[in-house]
There are 2 protein chains.
Amino acid sequence: MTSGQPRRRATITDVAEAAGVAASTVSRAFTRPGRVNHATREHVLAVAEELGYTPNPAARALESGRTNTLGLLVPDITNPYFAGVIKGAERAATAAGLTLVLGDTQENPATEEQLVRRLGPAVDGFVLSASRLPDDELRRAAELCPIALINRATPGVACIVADYDTGTRQIVDHLASLGHRGFVFLGGPPESWSGARRWSGLRAAAQAHGMVATRFGPYAPTLAGGPAAADAVLASEATAVVAHNDMLAIGVMRRLAERGVDVPGQVSVVGFDDIFGADFCNPALTTLAERTEDAGSRAIEALVQQTHARIEHPAARVLPTQLVVRASTGRVRRASPRRRA
Amino acid sequence: MTSGQPRRRATITDVAEAAGVAASTVSRAFTRPGRVNHATREHVLAVAEELGYTPNPAARALESGRTNTLGLLVPDITNPYFAGVIKGAERAATAAGLTLVLGDTQENPATEEQLVRRLGPAVDGFVLSASRLPDDELRRAAELCPIALINRATPGVACIVADYDTGTRQIVDHLASLGHRGFVFLGGPPESWSGARRWSGLRAAAQAHGMVATRFGPYAPTLAGGPAAADAVLASEATAVVAHNDMLAIGVMRRLAERGVDVPGQVSVVGFDDIFGADFCNPALTTLAERTEDAGSRAIEALVQQTHARIEHPAARVLPTQLVVRASTGRVRRASPRRRA
DNA sequence: ATGAAAGCGCTAACAG
DNA sequence: CTGTTAGCGCTTTCAT
């Protein structure tokens, strides 16, 4: 059923010959609609259509130096948090007529650097999501080609960050309104920029409320990090915990359930990210939602701006967050003796 | 902090001049290590390194006609089912020194076709995952450039499919061993190739067991499809349901919980895919796991083979599935009166 | 408004 | 082993 040869793609010269015009006219018909006779253009376009002609992007890139391609690097494609980023970036790129190349850094700075180097010549710019690269390396890369960061701020580099200040305040307000007098923060990886922002926001908000905020950890920001974190919570007298992210929060809840601890009856649990699954785990998780798709598309837009004209002092774009209250948080119960397994 | 101009990338001529050799020698130093004097090569490479030279992929592509780029199209990037496919494909592509371009077809045949057309000239081939394109269009596209399909079989086109025959038999065996005398299949989109395969496998296996298999639906293969499906199940006397996919299964379980129906006490629920979340929904879902990462990497490999040499009769690669038994399936209870909300 | 010609960066003949 | 030359497909002056 397969045809013998993948037949050669039609080139601009093929179209030119078939249409009886010069190659440059065909080129103009596609790229400078105004600078060519209307009738000629119609004719050329028709012939091109018939021949199934599409401009060769490589040739265009060679000439212009621009590839019309953008790179997006994420730590882990299967992490649902980044699915939204990818989706938003893909949509924005397509809308701008650009192609998106995806790279998975495997949470590894070395892989990330390697990808930047390898992909560099093939793209007009990079979106680096939750980059693990040190500041100076980021800056160096930004000198070579436009870069936009997501949830990572580095002076001189464009970035899109979530509004953790407001978000964490909302979380603390929520817990306070439920009668909690303090909470435990279950920390994630120490190098995580967003983790640091989350904790500092929470601490400041707690102070403003006269609440006691304690930080435990670091824990792996995964389901597997749950048991250790949950046990530490149980050993404390905390009535509420805020986890580094939803993965950890869900892992904690699972362990608490095994231990016969009622959530939110005995302990309230809050996460970050509002990942896929946060609404159907048990109990459904109260969490701070980030607009990941927006972050992805905004980052692409920032990049596009930079490729048009070098921006001297790229601004940090702050995206609103949103507290989604579900079933994992509730009123603090007085003196309910905690049952242990 | 940003430097004024993104300095011009070094070209092969820059290196040639700096090294005092011809451009072609530089080229050979990179691509034909054997055909150049060892000392010359060392020198050239050193100069290139110093100048930060990297070959321009666009120029290479223009010359060779090969872009060293592969396209991967999925219906919905945020659907966790495809995250594994993307990850596996990305890994395989990187391992092969190829770049992966990602496209989201938005479950829309028109968008898919458009993406194929737009990306076509920029890639050496496509992996189409769960394509919605009709057979003839798929075949037509396959004539223009190498294509590999995932979970979709079209004669003459390479494909990677899950072993639904064995998988569905495992599901039915499992239900039979728990004492169920029949089950309801909650169908997904009518155009879904894998949906059709799932149902025909289940039906055949049921027949072999003398079990009664009934098909309901179609339902949206999402959480939102759950309520309608669950209510239909309740109206029947089914003791077990098999849903088109995990999303629907989880949606069904959620509704059943709202209705006070115990899973698996009163109804057993089985899904397909083993998506992220299937293990932490409540109860944890029994489901048929597909090796999505494998599917992604295998598809890339099949594509790479095709780009090397045109394969006349590409084989269909069947990937094993795996029944993951969790908490949502159990022994059928006799005569337990069903409580309705 | 259109054609002719040069050149983007690289590789592949073809000499030498 | 290495230099010279031509050309991949396209855009872009520069003429006309």
Side-chain angles (χ1 to χ4, degrees), chain A residues 6-45 47-48 51-69 97 99 120-124 145, chain B residues 6-45 47-48 51-69 97 99 118 120-124 144-145:
Chain A
R7 63 165 184 271
R8 199 178 60 90
R9 306 186 57 91
T11 74
I12 201 171
T13 349
D14 298 335
V15 177
E17 279 181 14
V21 298
S24 49
T25 304
V26 178
S27 174
R28 280 186 285 253
F30 277 90
T31 54
R32 306 249 185 276
R35 298 212 199 177
V36 73
N37 182 297
H38 183 70
T40 323
R41 182 173 134 83
E42 293 294 291
H43 178 224
V44 168
L45 261 30
V47 172
L51 264 47
Y53 166 76
T54 332
N56 179 329
R60 280 190 163 165
L62 183 54
E63 157 68 25
S64 64
R66 306 186 66 250
T67 60
N68 284 318
T69 298
T99 299
V123 304
D124 293 338
C145 82
Chain B
R7 64 164 183 272
R8 194 179 65 91
R9 306 184 55 90
T11 74
I12 202 170
T13 353
D14 298 334
V15 177
E17 278 181 16
V21 297
S24 50
T25 302
V26 177
S27 173
R28 277 187 288 254
F30 277 91
T31 53
R32 306 248 186 280
R35 299 212 201 178
V36 73
N37 182 295
H38 184 70
T40 322
R41 182 173 134 83
E42 294 294 291
H43 178 224
V44 168
L45 259 31
V47 172
L51 263 49
Y53 167 75
T54 335
N56 179 329
R60 280 189 163 167
L62 183 51
E63 156 69 23
S64 66
R66 306 186 68 252
T67 59
N68 285 319
T69 298
T99 299
R118 214 176 74 75
V123 303
D124 294 336
L144 290 175
C145 79

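Naming: A, B, ... by sequence-line order, numbering from 1 per chain.
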Do B:Val21 and B:Val26 come within less than 4.5 Å of each other through their side chains, counting heavy atoms only? yes
Can you give the donor-acceptor pairs under 3.5 Å from side chains of residues 59-68 of chain A to other protein atoms, not counting sequence neighbours?
{"unit_1": "A:Ser64", "atom_1": "OG", "unit_2": "A:Arg60", "atom_2": "O", "d": "2.9"}
{"unit_1": "A:Ser64", "atom_1": "OG", "unit_2": "A:Arg66", "atom_2": "N", "d": "3.1"}
{"unit_1": "A:Ser64", "atom_1": "OG", "unit_2": "A:Arg66", "atom_2": "O", "d": "3.2"}
{"unit_1": "A:Thr67", "atom_1": "OG1", "unit_2": "A:Thr69", "atom_2": "N", "d": "3.2"}
{"unit_1": "A:Thr67", "atom_1": "OG1", "unit_2": "A:Ala122", "atom_2": "O", "d": "3.1"}
{"unit_1": "A:Thr67", "atom_1": "OG1", "unit_2": "A:Asp124", "atom_2": "N", "d": "3.4"}
{"unit_1": "A:Thr67", "atom_1": "OG1", "unit_2": "A:Asp124", "atom_2": "OD1", "d": "3.0"}

Calculate, to the nearest 0.5 Å, the distance between atoms CZ and OG1 belonging to B:Phe30 and B:Thr54 respectively. 8.0 Å
Note: B:Asp14 and B:Thr11 closest approach over all heavy atoms is OD2-N, 2.8 Å
When the distance from CZ of A:Arg41 to P of C:dT2 is rounded to whole Å, what number comes out? 12 Å
Side-chain donor or acceptor of B:Glu63 under 3.5 Å from a matching atom on the base of D:dG7? yes
Do the side chains of B:Arg118 and A:Thr99 get nearer than 4.5 Å, heavy atoms only? yes
Figure out the CG/P separation between B:Asn68 and D:dC8, and round it to whole Å. 20 Å
Measuring from atom CG of B:Leu144 to atom CZ of A:Arg9, what distance do you get when rounded to the nearest 0.5 angstrom? 7.5 Å
Round to a whole Å and report the spacing from OH of A:Tyr53 to P of D:dG9. 10 Å
Could you grab the distance from atom OG of A:Ser24 to atom CZ of A:Arg35, nearest 0.5 Å is fine? 12.5 Å
Write down the distance between CZ (A:Arg66) and C1' (C:dC8), rounded to a whole number of angstrom. 15 Å
From CD1 of A:Ile12 across to C1' of D:dG7 the rounded distance in Å is 16 Å
If you measure from CG on B:Leu51 to CD1 on B:Ile12, what distance do you get to the nearest 0.5 Å? 12.5 Å
Rounding to 10°, can you tell me the angle the first-five-pair axis of the helix from C:dA1-D:dT16 to C:dG16-D:dC1 makes with its last-five-pair axis? 40°
What's the CG-C1' distance between A:Leu62 and D:dC10, to the nearest Å? 8 Å
Indicate, with a heavy-atom threshold strictly under 4.0 Å, whether B:Thr40 touches base, sugar-phosphate, or nothing. sugar-phosphate
How many angstroms lie between OG1 in B:Thr25 and CZ in B:Arg32, if you round to the nearest 0.5 Å? 13.5 Å
Listed in order of residue number, which residues of residues 23-38 of chain A have a non-hydrogen atom at under 4.0 Å from DNA chain D? A:Ser24, A:Ser27, A:Arg28, A:Thr31, A:Arg32
